[in-house]
Amino acid sequence: MPLELQPGALWFREALDRAAQAALLAEIRAVLTEAPLFTPTMPRSGQPFSVRMSNCGPLGWVSDVAGYRYQSFHPETRRPWPAMPPRLMDLWNRLAPEAAPPEACLINYYAPEARMSLHQDRDEADFTAPVLSVSLGDTAVFRVGGETRRGPTRSIHLASGDVFLLSGPSRLAFHGIDRLLPGTSRLVDEGGRFNLTLRRVTAA
DNA sequence: CAGTTACT
DNA sequence: TGCA
């Protein structure tokens with residue numbers, strides 16, 4: 001049973017047990033050998049993000065001086081993104097049974113000092129499907145608010161194995177990661193946190 | 001345009 | 001927490 005922080009913002013604590021987390025992380029490691037983490041940059045300014053990224057699935061989210069977009073290939077290797085692990089498709093089918101299949105899984109790696117400022121996920125053509133995110137590794141201080149940048153926000157601690165869904169009236173909610181709590185998980189050998197974000201990109 | 005950072 |  002999820003905790004509904006606000007309409008459409010669903011927190012599934014410990015949705016994945018330790019064994020499932022380890023199995024999923026191994027699959028993500030395999031993806032990263034084919035599609036290595038890269039450092040995205042901000043449009044126009046070229047400022048690097050503190051998180052590093054990769055993707056799996058037919059489409060991947062990238063950001064560079066030209067802007068934000070989804071594309072079918074890795075920006076450095078120019079090769080297609082690896083397939084999405086079936087276990088992620090299964091998770092989507094369980095938690096978002098009404099939605100069309102996910103097309104993108106963005107893999108964000110947070111080193112201990114990495115952060116993600118408050119933003120919306122709005123580069124998709126269809127906002128009817130939810131955004132599903134899986135936390136692996138160190139606990140993160142996650143902030144979520146409403147559809148405008150100003151306005152009240154709440155913050156919660158997302159731990160390894162937690163799943164968070166932004167759906168319905170919260171699909172365009174502003175959200176971000178204030179900081180990690182280093183050393184809170186031993187799942188990731190090198191420390192830090194992997195966040196997997198599943199999205200439907202094109203209209204169903 | 002922006003998932004940025006700095007400062008209060 | 002909110003603003004530039």
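Note that this is a predicted model, so its numbers are computed, not measured. Within every chain, numbering begins at 1; the chains are lettered A, B, ... in the order of the sequence lines, protein sequences first and strands thereafter.
A salt bridge is absent between A:Arg200 and A:Glu98: the closest approach of a Lys/Arg side-chain nitrogen to an acidic carboxylate oxygen does not fall below 4.0 angstrom.
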Identify all pairs in which a protein N or O lies below 3.5 Å from an N or O of nucleotides 1-4 of chain C, and state each distance.
residue, atom, partner, partner atom, Å
C:dT1, OP2, A:Arg143, NH1, 2.1
C:dT1, OP2, A:Arg143, NH2, 3.1
C:dG2, OP2, A:Gly151, O, 3.1

Set out, line by line, the N/O atom pairs under 3.5 Å between protein and nucleotides 5-7 of chain B.
none

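Using a 4.0 Å cutoff on non-hydrogen atoms, the parts of residues 121-135 of chain A near DNA chain B are A:Asp121, A:Asp123, ordered by number.
Under the rule for a side chain to side chain contact (heavy atoms under 4.5 Å, CB included), the partners of A:Glu4 that lie at least two apart in sequence or sit in another chain are A:Leu10. A:His119 meets the ring-ring contact (aromatic ring centres under 6.0 Å, His included) test with A:His175; sequence neighbours excluded. Every side chain to side chain contact (heavy atoms under 4.5 Å, CB included) that A:Arg69 has, sequence neighbours left out, goes to A:Val62, A:Asp64, A:Ala66, A:Gln71. Evaluation of the ring-ring contact (aromatic ring centres under 6.0 Å, His included) rule for A:Phe174 yields no partner, not counting sequence neighbours. Remark: A:Phe12 engages no residue in a ring-ring contact (aromatic ring centres under 6.0 Å, His included) (not counting sequence neighbours).
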Side-chain donor-acceptor pairs under 3.5 Å in residues 49-59 of chain A, sequence neighbours left out?
residue, atom, partner, partner atom, Å
A:Ser50, OG, A:Arg115, N, 3.0
A:Ser50, OG, A:Arg115, O, 3.0
A:Ser54, OG, A:Ala35, O, 2.6
A:Asn55, OD1, A:Trp61, N, 3.0
A:Asn55, ND2, A:Trp61, O, 3.1

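Side-chain atoms of A:Ser170 come within 3.5 Å of backbone atoms of A:Pro7 as a donor-acceptor pair (strictly under, hydrogens ignored). No donor-acceptor pair under 3.5 Å is formed between the side chain of A:Gln21 and the backbone N or O of A:Leu136. With hydrogens and angles ignored, the 3.5 Å screen pairs no side-chain donor or acceptor of A:Ser185 with any backbone N or O of A:Ser160.
Among residues at least two apart or in separate chains, ring pair (Phe, Tyr, Trp, His ring centres under 6.0 Å) pairs with a member in residues 126-159 of chain A are A:Phe142-A:Phe164. Within the structure, the ring pair (Phe, Tyr, Trp, His ring centres under 6.0 Å) test picks out the following pairs touching residues 91-116 of chain A (sequence neighbours left out): A:Tyr109-A:Phe194.
Straight-line distance from the NE2 atom of A:His119 to the P atom of B:dA2: 14 Å, rounded to whole Å.
Residue A:Arg199 is in base contact, counting any heavy-atom pair closer than 4.0 Å across all strands shown.
When the side chains of ILVMFWY residues are joined at heavy-atom separations under 4.5 Å, either directly or via intervening members, A:Leu132 and A:Tyr70 end up in two distinct hydrophobic clusters.
Base pairing in DNA chain C yields no stem of at least 3 consecutive Watson-Crick or G-U pairs with both distances under 3.5 Å.
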